[in-house]
Each structure stands twice: as C-alpha cells, then as structure tokens.
*Asks:* 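Got a structure for you, written out below as structure tokens; questions coming shortly.
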Amino acid sequence: MGWYQDSGLDFTIFRPGLIQDGPETQLITHTPDFRKIPKSEFDINRTTFARAAVDALFNGAFHNQNVSVSNGAPLSGR
C-alpha cells in the first residue's frame with residue numbers, strides 16, 4: 001500500500017466480501033483485513049456496494065483509505 005500512499009494521488013481501495021443480489025443493507029467498514037469480517041456480514045448487496053463507491057467518488061468518503069466493506073442491518077422500506 002505504501003507506493004500509492006506516497007504517490008500524492010487520491011485513492012480509495014474497497015475490499016468487498018461476496019457481491020450478490022439480495023436485500024439492500026447498511027454499509028459497514030472494517031480494517032483492511034477482510035478475513036476478520038464475520039460470515040454473517042460477508043455477503044454484500046450490489047446496490048449497497050455501489051452506494052459506497054458513488055459516495056467515495058462524488059462525496060470524498062473513504063478518502064485515501066483502504067477499507068473492507070460488508071453488510072449491516074437491512075434498510076427499512078426497501
């Protein structure tokens with residue numbers, strides 16, 4: 001990870017679990033070690049993951065971070 005941190009370029013690295021269909025959920029972020037994500041959180045809805053990517057691209061979320069993303073509680077009304 002050091003070479004792009006030292007490059008001066010903006011970056012966000014996502015390490016998702018298994019991207020799948022299913023109910024949309026809240027997003028949870030973890031340390032870069034995806035192996036620590038509990039099995040109950042590992043599968044992530046593709047729309048949930050897309051929301052995180054759009055938030056990073058257009059709103060600066062997760063700026064210069066390397067994060068694992070996984071699912072949380074289902075969103076109500078979806």
*Asks:* Show every ring pair (Phe, Tyr, Trp, His ring centres under 6.0 Å) that has at least one partner inside residues 43-68, sequence neighbours left out.
*Replies:*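 For residues 43-68, and leaving out neighbouring residues, the ring pair (Phe, Tyr, Trp, His ring centres under 6.0 Å) pairs sorted by first residue read Phe14-Phe49, Phe14-Phe62.
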*Asks:* Side-chain heavy atoms under 4.5 angstrom apart, residues restricted to Ile, Leu, Val, Met, Phe, Trp, Tyr: same cluster for Leu57 and Phe11?
*Replies:*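 No, no single cluster joins them.
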*Asks:* So which atom in Ala52 and which in Leu27 form the shortest heavy-atom distance, rounded to 0.1 Å?
*Replies:*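 Minimum heavy-atom separation between Ala52 and Leu27: CB-CD2, 3.4 Å.
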*Asks:* Once you round to the nearest 0.5 Å, how far does CG of Asp43 lie from OG1 of Thr48?
*Replies:*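 Rounded to the nearest 0.5 Å, the CG-OG1 separation comes to 11.5 Å.
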*Asks:* Leu18 versus Ile44: any side-chain heavy-atom pair under 4.5 Å?
*Replies:*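 A side-chain contact is absent here, since even the closest heavy-atom pair is not under 4.5 Å.
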*Asks:* Roughly how far, to the nearest 0.5 Å, is CG of Asn71 from CG of Asn45?
*Replies:*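 Reported to 0.5 Å precision, the distance equals 8.5 Å.
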*Asks:* Mind running side chain to side chain contact (heavy atoms under 4.5 Å, CB included) on Gln65 and Thr12 for me, showing each step along the way?
*Replies:* CA-CA 5 Å; Gln65 293 182 51; Thr12 299; 5.5 Å; no
*Asks:* Looking at Ala61, is its backbone amide N or carbonyl O close enough to the side chain of Asn59 to form a donor-acceptor pair, meaning the two atoms are under 3.5 Å apart?
*Replies:*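 Between the backbone of Ala61 and the side chain of Asn59 there is no qualifying donor-acceptor contact (under 3.5 Å).
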*Asks:* Please name all residues satisfying salt bridge (Lys or Arg N to Asp or Glu O under 4.0 Å) with Asp21, sequence neighbours left out, ordered by chain then number.
*Replies:*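 For Asp21 the salt bridge (Lys or Arg N to Asp or Glu O under 4.0 Å) partners, ignoring immediate neighbours, are Arg46.
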*Asks:* Any idea which heavy atoms bring Arg51 and Thr25 closest together, and the distance?
*Replies:*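 Scanning both residues completely, I find the closest heavy atoms to be NH2-O, 2.6 Å.
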*Asks:* Checking Leu9 now: which residues fulfil side-chain contact (heavy atoms from CB on, under 4.5 Å) with it, not counting sequence neighbours?
*Replies:*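 Checked Leu9 against side-chain contact (heavy atoms from CB on, under 4.5 Å); matches are Ser7.
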*Asks:* Kindly write out the residues that satisfy side chain to side chain donor-acceptor pair (under 3.5 Å) with Gln20, not counting sequence neighbours, or none if the list is empty.
*Replies:*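 In terms of side chain to side chain donor-acceptor pair (under 3.5 Å), with neighbours along the sequence ignored, Gln20 is linked to no residue.
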